[in-house]
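Residue numbers run from 1 in the order of the sequence given. Read the numbers this way: they start at 1 and go in the same order the structure lists the ligands and their atoms. For the numbers below, each heavy atom of this structure counts, side chains included, while hydrogens, waters and symmetry mates do not.
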Amino acid sequence: MSANSPAFAGSVPEHYHRRLVPLIFDGYARDLARRVRVDANMAILETACGTGAVTRALRRRVDSSVRIIATDLSREMGDYAKAVDDPPLENTSFREVDATELPYADRKFAAVVSQFGVMFFPDKPKAYAEAFRVLQPGGLFAFSTWDSFEVNPLTAVARDAAAPLLPDDVPPFMSIPFSYFDLNLIRRDLSAAGFGEIRLCVLPGLARAAHAREAAEAFVFGSPLGAQLDQAGQQAAGIDALEQAISQRFGAGPLEAPMQAIVVEAFKPT
Ligand SMILES: C[S@@+](CC[C@H](N)C(=O)[O-])C[C@H]1O[C@@H](n2cnc3c(N)ncnc32)[C@H](O)[C@@H]1O
């Protein structure tokens, strides 16, 4: 696992899947899947698939003859994705793969898809070059990244509530996902990899939770934050602090908080 990549391990995959995915990822997963149109008998590669939120949304949309290979650097995220994939999704497999070193032949896939993973890739141009290499001419690389903390106030509030309880202030896994939102930089990185047409879309969304504690627990248990608070002897205090801060800003619940992502569609020239 790279220094950039936090530990999506232990009990994180299960809590991530049950708590964090419904809170902030599911709506964007459905949107990303809608952007992917491939012909019958083609293949799709998903990188940083996590517990399979996009994989399942894709499977519902594309023809059953389309092969989906869903990959993630974390074996434990992949194992959990497989465990909840029961009965198994048809024509779909989950594998442990680093998005910056794809073990696939050139021009194998009609589309490469990645939701909220690229921010963790230590070498984004390399990951983009790999996606470009495995795409067929005309193929689509569709991915998303979070916009800044300023337009993702729920996560910013969680970060600010947790930081005083942790020895290293804001841990990297909370800042990294909100550090790659410069549209010009994203465009430059993709152009350098060879992509031709590049569409960037700023996509607002709404995080919804039944109550502030539900959102607080989603952040703590569904991410490496829980383990870090635990190590500092602050897990219970952390949940209380997040609940209070979220409740103060967005109400005790049911609550809605704005969020914002950047969705990218980049095409390999024909
Ligand atoms: C925020 S999660 C997103 C997961 C999933 N796409 C979703 O929308 O729920 C980020 C994922 O990126 C994965 N990841 C981090 N670095 C990676 C890399 N170099 N290659 C592949 N996956 C990586 C992590 O293991 C984690 O599962």
Side-chain angles (χ1 to χ4, degrees), residues 1-36 44-59 68-85 92 94-104 111-131 134 141-147 152 155 158 171-180 203 205 207 218-219 221-225 227 259 261-264:
M1 186 149 296
S2 75
N4 241 17
S5 186
F8 285 92
S11 63
V12 170
E14 179 177 357
H15 291 291
Y16 175 92
H17 182 74
R18 292 186 191 283
R19 299 172 190 254
L20 211 50
V21 168
L23 183 65
I24 56 177
F25 292 112
D26 255 344
Y28 284 117
R30 286 193 295 275
D31 171 85
L32 197 61
R34 272 197 295 273
R35 295 170 193 265
V36 180
I44 298 174
L45 174 69
E46 184 184 353
T47 60
C49 69
T51 56
V54 171
T55 323
R56 277 178 287 276
L58 273 174
R59 191 70 277 172
I68 300 178
I69 302 180
T71 64
D72 197 282
L73 180 65
S74 158
R75 185 180 45 76
E76 294 185 55
M77 288 295 257
D79 283 352
Y80 190 80
K82 267 187 234 164
V84 290
D85 182 25
T92 304
F94 292 94
R95 303 206 198 297
E96 184 183 341
V97 168
D98 184 340
T100 64
E101 285 178 44
L102 298 176
Y104 301 109
V112 176
V113 183
S114 198
Q115 167 161 281
F116 299 122
V118 298
M119 312 83 87
F120 296 107
F121 301 166
D123 187 344
K124 293 165 190 57
K126 187 166 180 229
Y128 296 167
E130 280 291 86
V134 302
F141 179 29
F143 67 90
S144 52
T145 173
W146 289 114
D147 207 332
N152 283 289
T155 328
F173 66 83
M174 289 201 86
S175 54
I176 286 171
F178 301 90
S179 63
Y180 187 63
L203 198 61
F219 283 115
F221 294 122
S223 82
L225 179 59
M259 53 184 184
I262 295 159
V263 182
V264 181

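- Against a heavy-atom cut-off of under 4.0 Å, Asp98 is close to the following atoms of ligand 1: 18 (C), 19 (N), 20 (N).
- Of all the heavy atoms in Thr55 and Cys49, the pair that sits closest is OG1-CB, 4.0 Å.
- At least one side-chain heavy atom of Glu101 sits under 4.5 Å from a side-chain heavy atom of Lys126.
- Compare Asp123, Leu73, Asp72, Val21 by their heavy atoms: the one nearest to atom 24 (C) of ligand 1 is in Asp72.
- Shown in contact with Gly50 at under 4.0 Å from a heavy atom are these atoms of ligand 1, numbered in order with element: 4 (C), 5 (C), 27 (O).
- The backbone and the side chain of Gln115 each have at least one atom closer than 4.0 Å to an atom of ligand 1 (non-hydrogen atoms only).
- Under the 4.5 Å side-chain criterion, counting only non-hydrogen atoms from C-beta, Thr47 is in contact with Phe121.
- At least one donor-acceptor pair under 3.5 Å links the side chain of Asp72 to the backbone N or O of Gly50.
- Within the 4.0 Å heavy-atom criterion, the part of Tyr16 lying near ligand 1 is the side chain and not the backbone.
- Taking the six-membered ring where tryptophan is involved, the planes of His15 and Phe221 are tilted, since the angle between them lies from 30° to 60°.
- Contact check for Thr155 versus Phe219: side-chain heavy atoms found under the 4.5 Å cut-off.
- Using a 4.5 Å heavy-atom threshold, the side chains of Ile69 and Tyr104 count as touching.
- Considering backbone and side-chain N/O atoms, Met77 never comes within less than 3.5 Å of an N/O atom of ligand 1.
- Interface atoms of ligand 1 facing Ser74, defined by a heavy-atom separation under 4.0 Å, are 25 (O).
- Ligand-side atoms of ligand 1 in range of Phe120: 1 (C), 10 (C), 15 (C), 16 (N), range being under 4.0 angstrom from any heavy atom.
- Ligand 1 does not have Thr100 within reach: every non-hydrogen atom of the residue lies 4.0 Å or more from it.
- Ring geometry for Phe141 versus Tyr128: interplanar angle over 60°, hence perpendicular rather than tilted (30 to 60°).
- Annotation for ligand 1: atoms under 4.0 Å from non-hydrogen atoms of Ala48 are 4 (C), 5 (C), 6 (N), 12 (O), 13 (C), 22 (N).
- Taking only nitrogen or oxygen atoms, main chain and side chain alike, Ala99 reaches within less than 3.5 Å of ligand 1.
- Under 4.0 angstrom from ligand 1, the non-hydrogen atoms of Cys49 all belong to its backbone.
- Between Tyr16 and Ser223 the shortest side-chain heavy-atom distance does not fall below 4.5 Å.
- Only backbone heavy atoms of Val97 (N, CA, C or O) come within less than 4.0 Å of ligand 1; its side chain stays farther off.
- Residue Phe116 approaches ligand 1 through these ligand atoms, each under 4.0 Å from one of its heavy atoms: 1 (C), 2 (S), 3 (C), 10 (C).
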